[in-house]
Number of protein chains: 2
Amino acid sequence: MATINDVARAAGVSPSTVSYVLSGRRPISAQTRERVQAAIAELGFHPHAGARALASSRTNVLALVVPLRVDVNVPVIMQFATAVVTAARTHNHDVLLLTKDEGTAGLERVAHSTMVDALIVMDVEKDDLRIPALRRLKQPSVLIGLPADPDGIVCVDLDFAAAARETLRHLAGHGHRRIALVGPSPAVYRRGTSYAERFLAGFAEESAELGLETMTHPCEPGHDGVRTCLADIDAELPGVTALVVHNEEALRPLLDQLRTAGRRVPADVSVVAVCPRDVALAMPIPLTSVDIPSHDVGGLAVETAMKLLDGRSTEQIRLLPPTLVERESCAPPRE
Amino acid sequence: MATINDVARAAGVSPSTVSYVLSGRRPISAQTRERVQAAIAELGFHPHAGARALASSRTNVLALVVPLRVDVNVPVIMQFATAVVTAARTHNHDVLLLTKDEGTAGLERVAHSTMVDALIVMDVEKDDLRIPALRRLKQPSVLIGLPADPDGIVCVDLDFAAAARETLRHLAGHGHRRIALVGPSPAVYRRGTSYAERFLAGFAEESAELGLETMTHPCEPGHDGVRTCLADIDAELPGVTALVVHNEEALRPLLDQLRTAGRRVPADVSVVAVCPRDVALAMPIPLTSVDIPSHDVGGLAVETAMKLLDGRSTEQIRLLPPTLVERESCAPPRE
DNA sequence: TTGAAAGCGTTACCAT
DNA sequence: ATGGTAACGCTTTCAA
């Protein structure tokens, strides 16, 4: 493998000059630049990442921590991960993939051994034990989600409270007054993944503000969970005309069971989902939904990490405004 | 940050001794080892990854290339990725995540800059352009899949041909004679992802051997695709009693449409799926299926990469035997 | 605009 | 069983 010294010799310049041609950190005459670049091409020179990291204290690698437990949201996580990788590449960075199950130890390992310049952490819980650990690292980190005490750490996410409000306003605008929320599984609430609570809060507020009759109900995974959930809703809020579903996994069985029960969407009951666009589109009826913009959030996370690395300033919490997209699962309630 | 020299000084030994304590590459007296370990703990020493890579020509990082196009199989890919990360960690390696869309350039970039020790490549196509590039790298690589000319590169995968045979034997054992295969989307065949063809080949062979009446039909994504596919099957092979579904995405709509048409599973028609276990279980009826063992394949890929790095010998092609799991979607055909 | 040379923190070879 | 010390390949300060 050719080294920077080989290149320097071939181009008749000093190694530092080659380095500067590569980094652009100081002016180089057009002549020399060309000679150097020719030598680089001819020798097939590629800088050694380890040597660079050692000399510059920069790895050009980002750590991305994904939840391993194949919870509810595999496709979202995957979308997110690819978004992060793609965005990182536009900033000349690579991505080291860590799983959440390594916990604090994993973060400390890659940070202390200087494998990465910054960390991006998904699936953050309300009182996530990893947060105090992240604070202690010399590398900056960006969280996806919103822990109870985000002090000193930058967070990005979809504004789930606003999403809930938007959803209710949309349904109320169509004339709905009795609306039920099918929430994530109890496990999600228990785990304290804050998006669930933020959505709930927005839902409650807007419901009060608009004077709606609403209720909320978590939904266990699987067909039975959905069955129970629907039964409870009918018992507690009879004559409900619209369902807000913030539970990707429940979406399918829920639609199935509505159909089986002879309740047509949207003729008999309207449905608004909170999920990625493609999930909404993959349903038997294209669902009106608030999109979860994994791609944007991922891009924003990387963008933010880059700012931190450059010492540029950043908002500490950045919540993306939701967009509700009308499709075919919403209609005015029947008279 | 403490360096190995700091540790050496604190422990009253030479830096090389500290290094050897860490690597275990030469015998160390219990005494010294303890003193060194104490010093390491006290100073919170963590070896610098870049420095290590520079001195040892080993990064302890594996590259994993995943398809970015959110094709059919997002959950499988995710399962696979987490399996690779988990397995890599047990060998003290980390995983750098690359996306397929970077193509050959991405592979060369991480390999030439010595960011990784080996590469694991998913979603390999029959005449994948990346393969000649991989051959030229000094790092070894392991493919998931089976290209047309795997010469010089190690491949691991599920034995899809055997999976097809197993499936047909199972159905024939139940007394089925007229069986249709619902295959992947035409796009998959076009792309030349070899697993589709291997399954097809096994299906044809075993069908002939058992003297069955079979047909095969690719299946476009979406509800319409499934509808068309089912209609074609009924036209071409009337009285079909069993369906083999090698198309995760089609599974749901297919079951829906059978039910809508009043054909009950398994009373009226048996269904065997080829998909990950959890997908089979998530269906309204737990499906008899040949599991796609992402976890095992991922683990095997890493294991194989480690062998190559250690200079241990390896089979060039390793196809995992399929397991068919009986669940509730298979029964003898109606009289 | 360019060069020289001192690190960066390990490893591994050569000694003892 | 342990120590000394060249590498490893690059960046960056200091000089010119």
Side-chain angles (χ1 to χ4, degrees), chain A residues 1-37 39-40 43-61 92 109-117 138 309, chain B residues 1-37 39-40 43-61 92 109-117 138 309:
Chain A
M1 279 269 134
T3 76
I4 203 173
N5 289 294
D6 300 332
V7 174
R9 209 172 307 122
V13 299
S14 80
S16 56
T17 298
V18 177
S19 177
Y20 285 118
V21 167
L22 252 25
S23 69
R25 294 173 98 70
R26 84 179 182 191
I28 300 280
S29 76
Q31 250 195 39
T32 354
R33 195 200 337 282
E34 274 163 34
R35 282 225 312 288
V36 168
Q37 275 162 347
I40 288 176
L43 297 179
F45 166 71
H46 294 268
H48 186 291
R52 273 197 150 159
L54 183 55
S56 68
S57 312
R58 281 285 228 135
T59 63
N60 276 36
V61 175
N92 199 28
R109 181 170 53 77
V110 298
H112 288 153
S113 62
T114 326
M115 299 185 78
V116 302
D117 294 336
K138 66 168 191 254
L309 288 174
Chain B
M1 279 269 132
T3 75
I4 203 174
N5 289 293
D6 301 331
V7 174
R9 209 172 308 124
V13 300
S14 81
S16 55
T17 298
V18 177
S19 177
Y20 286 118
V21 167
L22 251 26
S23 69
R25 294 172 98 69
R26 83 178 181 192
I28 300 280
S29 76
Q31 251 192 40
T32 349
R33 194 197 342 280
E34 275 163 34
R35 283 224 312 286
V36 168
Q37 276 161 347
I40 288 176
L43 297 179
F45 167 71
H46 295 267
H48 187 290
R52 276 199 147 158
L54 181 55
S56 68
S57 312
R58 280 286 229 133
T59 64
N60 277 39
V61 174
N92 199 26
R109 182 170 53 77
V110 298
H112 288 153
S113 62
T114 327
M115 299 184 78
V116 302
D117 295 335
K138 65 166 191 257
L309 288 175

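Here is how names work: the chains are called A, B, and so on, in the same order as the sequence lines, proteins then strands, and each is numbered from 1.
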Is there a side-chain contact (heavy atoms from CB on, under 4.5 Å) between Val21(B) and Val13(B) once you walk through the steps?
CA-CA 11 Å; Val21(B) 167; Val13(B) 300; over 6 Å; no
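We find that NE2 of His46(A) is positioned 11 Å from P of dC10(D), with the value rounded to whole Å. Between Leu43(A) atom CG and dG9(D) atom P there is a gap of 14 Å when expressed in whole angstrom units. Separating the CG atom of Asn5(A) from the C1' atom of dC8(D) is a distance of 11 Å, rounded to the nearest angstrom. The separation between Gln31(B) atom CD and dA1(D) atom P is 13 Å, rounded to whole Å. If you measure from atom CD1 of Ile4(B) to atom P of dC8(D), you get 19 Å, rounded to the nearest angstrom. Nucleotide dA1(D) holds its P atom 17 Å from the CZ atom of Arg25(B), rounded to whole Å.
Using modelled atom types, one finds a donor on one side chain and an acceptor on the other under 3.5 Å when comparing Thr17(B) with Ser14(B).
Test Gln37(A), Arg35(A), Gln31(A) against Arg33(A) for side-chain contact (heavy atoms from CB on, under 4.5 Å) and you get one pass: Gln37(A).
Ser57(B) comes within 4.0 angstrom of nothing in the nucleic acid, heavy atoms only. Within the nucleic acid shown, Arg26(B) comes within 4.0 Å of at least one base atom, counting heavy atoms only.
By the salt bridge (Lys or Arg N to Asp or Glu O under 4.0 Å) test, Arg25(A) is found to be paired with no residue, residues two or more places apart in sequence or in another chain being considered. Residues forming a side-chain hydrogen bond (donor to acceptor under 3.5 Å, both in side chains) with Thr114(B) (at least two apart in sequence, or on another chain): none.
The backbone N or O of Asn60(B) sits nowhere less than 3.5 Å from a side-chain atom of Asn92(B) that would complete a donor-acceptor pair.
When DNA chain C is scanned 5' to 3' for any atom under 4.0 Å from a heavy atom of chain B, the first and last hits are dG9(C) to dC14(C).
The stretch residues 48-56 of chain B comes close to DNA chain D through Leu54(B), Ala55(B), each having a heavy atom under 4.0 Å from the strand. Near DNA chain D, meaning a heavy atom under 4.0 Å from it, residues 10-24 of chain A has Ser16(A), Ser19(A), Tyr20(A) in order of number.
Computed from C1' positions of five pairs at each end, the angle between the two local axes of the helix from dT1(C)-dA16(D) to dT16(C)-dA1(D) equals 30°, rounded to 10 degrees.
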